[in-house]
Amino acid sequence: MEQYSIDGRGRGEVYITLAVASLALAYAAHQVIDLLPFHIPWWIEVPSFVVWFGVVNITFDRWLWRVRVAGMRLSAVPDFSGEWHGTIAAVNAESQKIELPVDVRIEQTWSAIEVRGKTSRGITRSKIAGVRIEDEELRYEYETQPDVFDATAKHHVGFCVLELHEQNLLEGFYYTLDGTSTKGVIALRRGTQASPSK
């Protein structure tokens, strides 16, 4: 997975919150140790602020950012992760219309993301990505490795923009940057199997 950018100042504020929480946990741990009715050997160290920050940061990055409390999420970053299935409707340089089933797997943490797609023509993988929080929009550049048995497929790099609707619908467009001239639209549903890619 690669780190992705977000608009706004959300990341800095979250890191400050995580640091304050880590400081509080480190202080609480020391207080608990002092209240114990037995002596802690010198070779057992109480976790320091740095250790607590590492634990809190990893826990938030992987799991807590998705948690909802009273209907509100702990992070404003949209959650795109999951198995997505749908179709691509495109037009190539010769104005030929193409429609293909596509399967997409998105792995996401609070700080990193990877988008992998599969059609009968090849496999794509994201190279760099960004998220527009207010629009719940994922933008990424991808590279396609063509199917070796498809003589019409070519290695190429492209750009894709997908917008999240109703938590389980992704819609958007893409265009290729080199190697071929294709552009089209994509519609995906989370967890709903479309026609299987061959």
Practice problem: Identify, with sequence neighbours excluded, every residue that meets salt bridge (Lys or Arg N to Asp or Glu O under 4.0 Å) alongside Glu143. | Solution: none
Practice problem: Applying side chain to side chain donor-acceptor pair (under 3.5 Å), name anything that partners Asp61, two or more places apart in sequence or on another chain. | Solution: Thr109, Ser111
Quiz prompt | Reported OH-to-CG distance for the pair Tyr27 and Leu23, which is rounded to 0.5 angstrom | solution = 10.5 Å
Quiz item: Does His30 use its side chain to pair, donor to acceptor, with the backbone of Ala28 at less than 3.5 Å?
Solution: no
Practice problem: Might you work through the side-chain contact (heavy atoms from CB on, under 4.5 Å) test for Phe80 and Leu164, ending with a clear yes or no? | Solution: CA-CA 8 Å; Phe80 298 100; Leu164 185 63; 3.9 Å; yes
Quiz item: Hey, are the side chains of Glu83 and Arg190 touching, using non-hydrogen atoms and a 4.5 Å cut-off?
Solution: no
Quiz item: Should Val77 and Tyr4 be marked as a side-chain contact (heavy atoms from CB on, under 4.5 Å) after you check the CA-CA gap, both sets of side-chain angles, and the distance that decides it?
Solution: CA-CA 11 Å; Val77 176; Tyr4 59 94; 3.4 Å; yes
Exercise. Taking only Lys NZ, Arg NE, NH1 and NH2, and the carboxylate oxygens of Asp or Glu, determine whether Glu114 and Arg125 approach each other closer than 4.0 Å.
Key: yes
Quiz item: Is there a chain of hydrophobic side chains (I, L, V, M, F, W, Y, each step under 4.5 Å between heavy atoms) that links Tyr140 to Ile6?
Solution: yes
Quiz item: How would you list, by chain and number, every residue that makes a side chain to side chain contact (heavy atoms under 4.5 Å, CB included) with Val104, sequence neighbours excluded?
Solution: Trp84, Val102, Ile106, Val115, Leu188
Self-check item: Joint cluster assignment, Leu162 & Ile123, ILVMFWY side-chain distance < 4.5 Å
Solution: no
Quiz item: Are Leu35 and Phe38 in one and the same hydrophobic cluster, where Ile, Leu, Val, Met, Phe, Trp and Tyr link if side-chain heavy atoms are under 4.5 Å apart?
Solution: no
Quiz item: Do Thr144 side-chain atoms and Thr124 backbone N/O form a donor-acceptor pair below 3.5 Å?
Solution: no
Quiz prompt | Donor-acceptor pair, side chain of Glu137 and main chain of Glu163, under 3.5 angstrom | solution = no
Quiz prompt | Ala26 versus Ser48, closest heavy-atom pair with distance | solution = CB-C, 4.3 Å
Self-check item: Worked verdict on Arg132 versus Glu134 for salt bridge (charged side-chain N to carboxylate O under 4.0 Å, His left out)
Solution: CA-CA 6 Å; Arg132 292 176 57 91; Glu134 186 174 341; over 6 Å; no
Exercise. Enter the distance from Leu170:CG to Glu136:CD here, rounded to the nearest 0.5 Å.
Key: 10.0 Å
Practice problem: Please test Trp65 against Asp79 for side-chain contact (heavy atoms from CB on, under 4.5 Å), starting from the C-alpha separation and ending with a verdict. | Solution: CA-CA 9 Å; Trp65 71 281; Asp79 183 6; 3.9 Å; yes
Exercise. State which residues pass salt bridge (Lys or Arg N to Asp or Glu O under 4.0 Å) with Lys127; sequence neighbours excluded, sorted by chain then number.
Key: Glu141
Self-check item: Any donor-acceptor N/O pair, Ser95 side chain to Val91 backbone, under 3.5 Å
Solution: no
Quiz item: Hey, what do you get for CZ (Phe53) to CG (Leu25), rounding to the nearest 0.5 Å?
Solution: 12.0 Å
Quiz item: If you look at every heavy atom in Ser126 and Glu2, which pair is closest and at what distance?
Solution: OG-OE2, 2.7 Å
Quiz item: side chain to side chain donor-acceptor pair (under 3.5 Å) with Glu171: which residues, sequence neighbours excluded?
Solution: none
Quiz item: Is it the case that Arg66 and Ser81 place a side-chain donor and acceptor less than 3.5 Å from each other?
Solution: yes
Quiz prompt | hydrophobic_cluster_shared for Leu74 and Ile16, side chain cutoff 4.5 Å | solution = no
Self-check item: Point-to-point distance, once rounded to the nearest 0.5 Å, from OG of Ser120 to CG of Asp147
Solution: 7.5 Å
Quiz item: Is any side-chain heavy atom of Ile98 less than 4.5 Å from a side-chain heavy atom of Leu100?
Solution: yes
Exercise. Go through the structure and list residues passing side chain to side chain contact (heavy atoms under 4.5 Å, CB included) with Tyr175, not counting sequence neighbours.
Key: Phe159, Phe173, Leu177, Lys183
Quiz item: Any ion pair linking Glu13 and Arg11 (charged N to carboxylate O, less than 4.0 Å)?
Solution: no
Quiz item: Between CD1 of Ile128 and CD of Gln3, what distance do you get to the nearest 0.5 Å?
Solution: 11.0 Å
Quiz item: When you look at CD of Gln31, are more than 12 heavy atoms from neighbouring residues, nucleotides or ligands closer to it than 6.0 Å?
Solution: yes
Exercise. Using a 4.5 Å cut-off on heavy atoms from C-beta on, say whether the side chain of Ser5 contacts that of Val131.
Key: no
Quiz prompt | Derivation and outcome, side-chain contact (heavy atoms from CB on, under 4.5 Å), residues Val14 and Trp110 | solution = CA-CA 11 Å; Val14 168; Trp110 180 70; 3.6 Å; yes
Exercise. State, with a plain yes or no, whether a side-chain heavy atom of Gln108 is found less than 4.5 Å away from one of Ile113.
Key: yes
Practice problem: First locate atom CZ of Arg189, then atom NE2 of His165, and finally report the distance between them rounded to the nearest 0.5 Å. | Solution: 10.5 Å
Practice problem: Answer whether the closest heavy-atom distance between the side chains of Thr176 and Tyr142 falls below 4.5 Å. | Solution: yes
Quiz item: Is the closest side-chain heavy-atom distance between Val185 and Ile88 below 4.5 Å?
Solution: no
Quiz item: In the single-linkage hydrophobic clustering (I, L, V, M, F, W, Y; side-chain heavy atoms under 4.5 Å), do Trp52 and Tyr15 co-cluster?
Solution: yes
Self-check item: Minimum-distance pair of heavy atoms, taken over all atoms of Ala90 and Thr182
Solution: CB-CG2, 3.8 Å
